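Presented below is the structure to which this report refers.
Numbering of residues begins at 1 and proceeds along the displayed sequence. In this text the structure is predicted, and so the values were computed from the model without any measurement.
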Amino acid sequence: MSEKEKMNQDAAQEKAKETKPAKADKAKEKAKEKKPGFFKRLGRFFRELKAELKKVAWPTRADTLKKTGIVIVCVIVVGIIVWIFDGIASSVIDALLSLFGRS
């Protein structure tokens, strides 16, 4: 490297060192800024919550009842299937235990 290139490189490094503290000062200033109080933040939270809930596409009463009925029917069907398999498994286990003389 020539002397001129070394001087340019040194000058660039010096300039980079000078800009870093300025960024650090800005970060410190932001940290010193006081954040809003608890009740202001709580109020803002509820205002934003209300705004978001207005955007929700709420189902109609009929749609809700229809889907609730479907869920109840599905639960009953699954319950019956589990009850049947439980009865079959119980019968098989009883048959095996009586076959081997433990009952």
Side-chain angles (χ1 to χ4, degrees):
M1 259 190 201
S2 69
E3 284 294 317
K4 196 173 189 179
E5 288 175 340
K6 285 182 183 179
M7 288 176 64
N8 285 340
Q9 189 177 21
D10 290 340
Q13 288 176 351
E14 289 295 322
K15 190 173 184 180
K17 287 180 184 177
E18 290 174 6
T19 57
K20 286 182 182 177
K23 289 180 182 177
D25 290 339
K26 287 182 183 178
K28 286 180 185 177
E29 287 176 16
K30 278 196 172 190
K32 287 182 183 179
E33 288 178 14
K34 212 173 185 185
K35 67 179 179 180
F38 174 75
F39 291 108
K40 280 190 176 185
R41 288 183 285 145
L42 188 64
R44 186 180 70 200
F45 170 76
F46 281 114
R47 280 193 306 275
E48 291 175 2
L49 178 69
K50 185 178 176 182
E52 288 298 320
L53 286 176
K54 285 181 180 179
K55 297 177 186 177
V56 174
W58 296 99
T60 63
R61 181 174 175 82
D63 193 32
T64 304
L65 291 174
K66 180 180 172 184
K67 290 178 181 180
T68 302
I70 291 170
V71 169
I72 291 172
V73 168
C74 289
V75 167
I76 291 171
V77 168
V78 169
I80 290 171
I81 291 171
V82 169
W83 177 61
I84 290 170
F85 280 121
D86 182 54
I88 293 171
S90 178
S91 298
V92 169
I93 290 173
D94 287 341
L96 289 173
L97 287 176
S98 66
L99 183 65
F100 293 110
R102 296 182 185 166
S103 181

Looking at residues at least two apart in the chain, or sitting in another chain, which of them share a side-chain contact (heavy atoms from CB on, under 4.5 Å) with D63?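 If we apply the side-chain contact (heavy atoms from CB on, under 4.5 Å) test to D63, skipping adjacent residues, the hits are P59, T60, K67.
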
When hydrophobic residues are tied together by side-chain contacts of less than 4.5 Å, even through go-betweens, does I88 share a cluster with V82?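 Each belongs to a different hydrophobic cluster.
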
Same hydrophobic cluster for F85 and I93, using side-chain heavy-atom links shorter than 4.5 Å among ILVMFWY?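 Unlinked, F85 and I93 end up in two clusters.
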
How long is the span from the CD1 atom in I72 to the SG atom in C74, to the nearest 0.5 Å?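 Reported to 0.5 Å precision, the distance equals 10.5 Å.
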
Straight-line distance of D86 CG to S91 OG, nearest 0.5 Å: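 Here the interatomic distance stands at 9.0 Å.
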
V77 and its side chain to side chain contact (heavy atoms under 4.5 Å, CB included) partner, picked from I81, V75, I80: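 Passing option: I81.
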
Applying side chain to side chain donor-acceptor pair (under 3.5 Å), name anything that partners E48, two or more places apart in sequence or on another chain.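 Partners of E48 under the side chain to side chain donor-acceptor pair (under 3.5 Å) test: none.
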
For L53, what are the other residues in its hydrophobic cluster, where any two members join if their side-chain heavy atoms are less than 4.5 angstrom apart?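 Via sub-4.5 Å side-chain contacts, L53 links to F38, F39, L42, F45, F46, L49, V56, W58.
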
Quick one: name the residues clustered hydrophobically with I70, using the 4.5 Å side-chain heavy-atom rule over I, L, V, M, F, W, Y, and just say none if it's on its own.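 Members besides I70: none; it forms no cluster.
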
Sequence neighbours left out, what passes salt bridge (charged side-chain N to carboxylate O under 4.0 Å, His left out) with K55? Give chain and number order.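 Partners of K55 under the salt bridge (charged side-chain N to carboxylate O under 4.0 Å, His left out) test: E52.
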
Going by the side-chain hydrogen bond (donor to acceptor under 3.5 Å, both in side chains) test, which pairs reach into residues 36-45, not counting sequence neighbours?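 Passing the test, one end in residues 36-45: no pairs.
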
